[in-house]
Every structure is written in C-alpha cells, then in structure tokens.
Amino acid sequence: MAFIYYVTQVQWALRFSIAQQQGSVPVRRKIRAMNYPRLNPVAALGLASLLLHHAVSAAPLLRCDVTYAGTTHVIEATPVADPYPLPSVDIGGRFRFKAVMVGGSTQIDRILLYAYLDARMQPILIQEAKYLPPFKASATPYPLTGEQHLYAGPVERELIYSCTLEGVQP
C-alpha cells in the first residue's frame, strides 16, 4: 500500500514538474501539494524498540578461526537441538573441524569441538573438547578456548584454532 502511494506521488510530481515548466502551475501550490508520507513518533518508537529487541535477543554465536598452511577458515555455530547431523568442515584437505553448540536460543547446554586428521580410510579424531555451562554472559565476543595447536600425521602437520563465544544471556 505504501509503495503504491509513493509511486502515485512520484507520478504526480512528474506531471507537476512538466506543468510548471510550461508555466501553468504556480510554485506556491507545489509546496502545499507535495504531501509525502511521514512516520509518526509512535511508529518510529515502535520500530526502534523492535530493532533493539532483535539485537538484544540474538542467539548465541560460536565463532572459530581455524588455520592450516597459512589459510584461515572461519567456522560459525549457532545452537542446535541435535548435534549429530552437523557435518565437519574440510580444512586444507588434511584436517576436518566440527564446532557444535547444543541448546536453545536462550540457554547453551554444552559446546563440543572436534578436530580430525583426514586419513585415507576415514577421519581420525585427534582432539575432542567439551565446554559446559556456566558461560560468561556477554554481548561482545570473548575467548572460549584460547589458541590451540594440534599436530598430527606422519610429518606432524599443524592445525591452529581459537574460538570465541558471544550473545550469551545471563
């Protein structure tokens, strides 16, 4: 409805502009006739509170920076009810990494991190980390794991990762 109103106003303004160039419409009438829709203060306040509520009630986010051979992958995880269907992420063809946050949008039950060496037959688990609540309530990211260095394979290749957690409600 608002879009149709806006298109109508634009069409009217174009007609008015053409008429003004021909000298048939006074400028004073144009100022009164151009009546653009305005957002009243109550609607503006409601819109602002809706946007603020959405920003405050954002779901927790786990962000892991995983580095191998000079390439960094950013892996993000949001709360899920079932951790098993989530796939692991290929890291440089040598490693696999899986970050899982189990819980709801307001509460985290546990955080699980898995690092695998990608072998011929099947991936080999080289580290499993489990983090349990309570988690620090913070809207800004804070370090959860610190920087982890893992070495695996016949020539001891290095995988480095660190994870931050944000958006945890008290």
Side-chain angles (χ1 to χ4, degrees), residues 1-7 10 36-37 39 42-170:
M1 180 78 172
F3 178 72
I4 294 170
Y5 178 76
Y6 175 74
V7 170
V10 169
Y36 294 107
L39 192 61
V42 174
L45 184 61
L47 182 61
S49 68
L50 179 67
L51 291 174
L52 182 63
H53 174 71
H54 179 68
V56 170
S57 65
L61 177 67
L62 177 68
R63 180 175 289 126
C64 297
D65 295 328
V66 183
T67 304
Y68 169 69
T71 304
T72 300
H73 300 266
V74 178
I75 299 170
E76 295 182 342
T78 54
V80 295
D82 185 14
Y84 298 108
L86 294 177
S88 59
V89 177
D90 179 46
I91 308 294
R94 300 273 185 190
F95 292 98
R96 300 195 70 76
F97 190 84
K98 182 177 180 179
V100 179
M101 188 175 357
V102 179
S105 62
T106 58
Q107 179 182 356
I108 302 171
D109 296 331
R110 62 190 178 276
I111 294 175
L112 306 165
L113 302 174
Y114 301 95
Y116 301 91
L117 175 65
D118 202 0
R120 269 188 227 151
M121 298 295 282
Q122 66 184 24
I124 299 169
L125 182 66
I126 56 175
Q127 185 186 43
E128 177 184 15
K130 184 176 188 177
Y131 297 88
L132 299 172
F135 298 105
K136 179 180 170 186
S138 174
T140 59
Y142 72 91
L144 179 69
T145 62
E147 190 171 276
Q148 303 290 315
H149 294 257
L150 306 176
Y151 301 93
V155 291
E156 295 293 316
R157 301 199 184 270
E158 181 181 41
L159 178 75
I160 304 168
Y161 75 89
S162 64
C163 297
T164 60
L165 184 61
E166 65 182 277
V168 177
Q169 303 297 324

For [X] and [Y], which heavy atoms make the closest approach, and how far apart are they?
| X | Y | answer |
| --- | --- | --- |
| P143 | T164 | CA-CG2, 4.1 Å |
| Y131 | L144 | CE2-O, 4.0 Å |
| L62 | C163 | CD1-CB, 4.0 Å |
| P60 | G104 | CD-O, 4.5 Å |
| R94 | Y68 | CG-OH, 3.1 Å |
| G103 | D109 | CA-OD2, 3.7 Å |

Evaluate the side-chain proximity of [Y] to [X]: yes if any heavy-atom separation is below 4.5 Å, no if none is.
| X | Y | result |
| --- | --- | --- |
| I160 | E147 | yes |
| M101 | L165 | yes |
| Y116 | L125 | yes |

Checklist outcome for this item: Quick note, ring pair (Phe, Tyr, Trp, His ring centres under 6.0 Å) partners involving residues 142-170, not counting sequence neighbours, are F97-Y161

Pairs under 3.5 angstrom only: tabulate donor-acceptor contacts from the side chains of residues 76-88 to other protein residues two or more places apart or in another chain.
{"residue": "E76", "atom": "OE2", "partner": "R63", "partner atom": "NE", "Å": "2.8"}
{"residue": "E76", "atom": "OE2", "partner": "R63", "partner atom": "NH2", "Å": "2.7"}
{"residue": "D82", "atom": "OD1", "partner": "Y84", "partner atom": "N", "Å": "3.4"}
{"residue": "S88", "atom": "OG", "partner": "R96", "partner atom": "NE", "Å": "2.8"}

Item to check | Donor on one side chain, acceptor on other, T145 and S162, under 3.5 Å | outcome: no

